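These figures come from a predicted structure and were not determined experimentally.
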2 protein chains.
Amino acid sequence: MQSFTIENYLKKIYHLTQRENKPVQTNAIADGMNTSAASVTDMIKKLSAKKLVNYTKYQGVTLTEEGNKKAINIIRKHRLWEVFLVNTLHFKWDEVHEIADQLEHVKSDVLIDRLEKHLNYPITDPHGDLIPDKNGLFKDVNFKPLNLLHQNQEATIVGVSEHSSSFLKRLEELNLIIGQKITFINVVDFDNSIEIKILDNQINISKEIAKNILITI
Amino acid sequence: MQSFTIENYLKKIYHLTQRENKPVQTNAIADGMNTSAASVTDMIKKLSAKKLVNYTKYQGVTLTEEGNKKAINIIRKHRLWEVFLVNTLHFKWDEVHEIADQLEHVKSDVLIDRLEKHLNYPITDPHGDLIPDKNGLFKDVNFKPLNLLHQNQEATIVGVSEHSSSFLKRLEELNLIIGQKITFINVVDFDNSIEIKILDNQINISKEIAKNILITI
DNA sequence: ATATTTTTTTAGATTTGTCTAAAAAAATAT
DNA sequence: ATATTTTTTTAGACAAATCTAAAAAAATAT
């Protein structure tokens with residue numbers, strides 16, 4: 001009986017160490033995985049014994065080079081499956097995460113190669129997240145959160161940094177979808193919400209929404 | 001941590017009770033699953049507690065109606081994924097079994113619906129095995145083994161009843177592929193091998209090969 | 001009908017991943 | 001600098017799925 005536990009831990013640790021480049025705490029992993037801190041400690045010891053994480057007691061963990069490689073490979077598979085679900089099977093972008101969480105664990109390198117070819121070597125998944133190549137390398141791109149734009153700057157939406165279904169559905173309602181062009185107007189002092197122009201209308205979006213939308217200029 | 005163990009047992013019991021409609025023995029399951037008889041006994045008790053199999057000590061098992069339904073659903077998923085692998089990703093028919101064994105456990109009814117639609121509602125998988133519909137019903141067809149044909153009878157190959165890669169590869173070498181028309185000539189007394197006409201050539205195939213080829217007249 | 005062989009089950013142990021409760025260490029506050 | 005709070009680890013237990021070895025039942029052979 002094989003299990004996906006190790007792969008899920010590696011993926012979670014990867015994501016938690018990405019934004020800030022420092023060890024992730026036991027509790028943060030436990031929260032993110034719906035498990036107890038004690039279980040995380042147990043599992044971390046196993047991962048450490050397998051040389052997939054660097055671990056010193058009470059100091060949190062980082063991925064080793066090998067752990068990182070494995071994590072990126074899972075993310076590659078997850079994102080390619082998401083593209084498949086949206087492009088080939090016509091799912092919506094807010095419907096694919098849970099299914100891809102299962103598909104990402106299927107073991108077959110040739111399957112992923114063929115899938116990638118079938119999808120025409122996509123660079124990003126349906127949320128604009130970069131898909132690493134076979135060697136784990138990400139294309140170098142210049143994405144930043146919408147809230148960092150300056151007055152009257154034009155930009156194109158290329159991704160999101162939050163994947164909850166409720167967030168994605170809201171974006172669709174506002175036409176804030178990938179490929180959409182927008183113009184930054186200004187920040188409203190009172191609540192830090194943001195005025196933008198989109199499809200010739202001016203709309204207001206909260207800071208929470210704005211900072212989770214990725215754009216390129 | 002979820003596991004596919006129960007699904008794999010159900011599938012195996014389904015296949016082992018199919019050909020002969022009587023209880024399957026503990027040892028037969030153990031052989032087919034690469035495990036020990038003791039483990040099978042343990043697992044059977046669990047399946048019985050869940051009302052998925054009918055079990056009386058020393059008497060072997062059969063599937064309950066519910067167990068049967070679950071088994072057929074797994075087989076449906078397995079076969080649809082095989083069609084996907086061959087038709088969409090261009091795998092060969094002898095390369096898909098192991099991958100489909102993983103994909104069949106992905107849980108999402110809507111995924112299977114969309115996959116089925118994408119594949120244009122196929123009736124059989126790449127080996128000619130029938131794909132049950134959503135309600136677990138198989139289309140009623142008239143397939144039988146090639147060795148049961150009579151002299152000079154013409155027939156079309158529609159499937160195989162053995163799925164090993166070595167068998168399938170051998171069939172390809174002999175052009176014995178699905179859709180191929182053949183004419184039965186005669187049985188050779190000495191070794192029960194069979195003479196057939198195929199693509200204007202007469203060839204000889206062993207009884208072992210012949211009985212694992214399914215034809216329709 | 002009894003002995004032998006085969007099949008199945010039980011008993012007891014192991015591994016994986018999890019848990020709760022308590023102890024220990026680190027971080028924070030006074 | 002000490003007390004308090006938070007975080008992490010340890011200890012001990014549990015469920016799932018497996019194993020080997022031994023016992024029990026069923027099937028087969030003489």
Side-chain angles (χ1 to χ4, degrees), chain A residues 1-17 19-20 22-63 67 70-71 74 101-102 104-105 107, chain B residues 1-17 19-20 22-63 67 70-71 74 101-102 104-105 107:
Chain A
M1 187 208 59
Q2 26 108 69
S3 133
F4 306 146
T5 313
I6 289 180
E7 291 186 355
N8 285 332
Y9 268 90
L10 292 178
K11 188 173 58 147
K12 181 56 73 178
I13 296 168
Y14 177 87
H15 285 307
L16 290 172
T17 50
R19 38 191 72 199
E20 305 178 67
K22 56 175 186 179
V24 61
Q25 299 189 113
T26 306
N27 262 353
I29 300 172
D31 287 356
M33 303 200 59
N34 241 322
T35 190
S36 70
S39 303
V40 174
T41 301
D42 287 347
M43 180 53 71
I44 279 170
K45 284 184 194 165
K46 284 175 206 169
L47 295 177
S48 181
K50 286 180 196 287
K51 301 212 187 295
L52 296 170
V53 298
N54 305 113
Y55 171 57
T56 28
K57 267 192 195 177
Y58 297 99
Q59 300 308 124
V61 287
T62 55
L63 292 173
K70 281 192 198 285
I74 300 156
D101 268 348
Q102 298 181 64
E104 72 189 9
H105 300 295
K107 274 154 203 64
Chain B
M1 187 208 61
Q2 29 108 64
S3 133
F4 306 146
T5 312
I6 289 180
E7 292 187 355
N8 284 332
Y9 268 89
L10 293 177
K11 188 172 59 148
K12 181 54 75 179
I13 295 167
Y14 177 87
H15 284 306
L16 290 172
T17 49
R19 38 191 73 200
E20 306 178 67
K22 55 176 187 180
V24 61
Q25 299 188 112
T26 307
N27 262 353
I29 300 172
D31 287 356
M33 302 200 60
N34 242 322
T35 188
S36 70
S39 304
V40 174
T41 300
D42 287 347
M43 181 51 73
I44 279 171
K45 285 184 193 164
K46 284 176 206 167
L47 295 178
S48 180
K50 286 181 197 288
K51 302 215 188 292
L52 296 170
V53 298
N54 306 113
Y55 170 58
T56 28
K57 266 194 195 176
Y58 296 100
Q59 301 307 125
V61 287
T62 55
L63 293 173
K70 280 193 198 287
I74 299 156
D101 267 348
Q102 299 181 63
E104 72 189 9
H105 300 294
K107 274 154 202 63

B:Asn27 vs C:dT8: side-chain N/O to OP1/OP2 distance below 4.0 Å: yes
For A:Lys50, all residues meeting side-chain contact (heavy atoms from CB on, under 4.5 Å), sequence neighbours excluded: A:Ile6, A:Leu52
Pairing residues for A:Asn27 by the side chain to side chain donor-acceptor pair (under 3.5 Å) criterion, not counting sequence neighbours: none
Atom pair CG/NZ of B:Asp42 and B:Lys46 - distance to nearest 0.5 Å: 6.0 Å
Residues that B:Ser36 engages under side chain to side chain donor-acceptor pair (under 3.5 Å), provided they are two or more places apart: B:Ser39
Euclidean distance, atom CD of residue B:Gln59 to atom P of D:dA26 [Å, nearest integer]: 7 Å
DNA chain D contacts among residues 46-57 of chain A, heavy-atom distance under 4.0 Å: A:Tyr55, A:Lys57
Interatomic distance, A:Tyr58 OH vs D:dT7 C1' [rounded to whole Å]: 9 Å
Axial bend angle, the helix from C:dA1-D:dT30 to C:dT30-D:dA1: five-pair end segments, nearest 10°: 0°
Residues which pass side chain to side chain donor-acceptor pair (under 3.5 Å) with A:Glu7, listed by chain and number, not counting sequence neighbours: A:His105, A:Lys107
Gap between atoms CZ and P, on B:Phe4 and D:dA17 respectively (whole Å): 12 Å
Non-neighbouring partners of A:Asn54 that pass side-chain contact (heavy atoms from CB on, under 4.5 Å), sequence neighbours left out: A:Thr62, A:Thr64
Spacing of A:Asn34 atom CG relative to C:dC19 atom C1', expressed in whole Å: 14 Å
Residue-phosphate contact under 4.0 Å: B:Tyr9 side-chain N/O, D:dT18 OP1/OP2: yes
Test side chain to side chain contact (heavy atoms under 4.5 Å, CB included) applied to A:Ser48 and A:Thr56, A:Val53, A:Val61, the passing residue: A:Val53
Candidate pair B:Tyr9 and B:Val40, rule side chain to side chain contact (heavy atoms under 4.5 Å, CB included), full reasoning: CA-CA 9 Å; B:Tyr9 268 89; B:Val40 174; 4.0 Å; yes
Nucleotide D:dA16, atom P - distance to CD of B:Glu7 in whole Å: 16 Å
Side chain to side chain donor-acceptor pair (under 3.5 Å) partners of A:Thr41, counting only residues at least two apart: none
Test salt bridge (Lys or Arg N to Asp or Glu O under 4.0 Å) applied to B:Lys11 - qualifying residues, sequence neighbours left out: B:Asp101, B:Glu104
Contact list for DNA chain D against residues 36-45 of chain A - heavy-atom distance below 4.0 Å: A:Ala37, A:Ala38, A:Thr41, A:Lys45
Close side-chain approach of B:Leu47 and B:Tyr55, heavy atoms under 4.5 Å: no
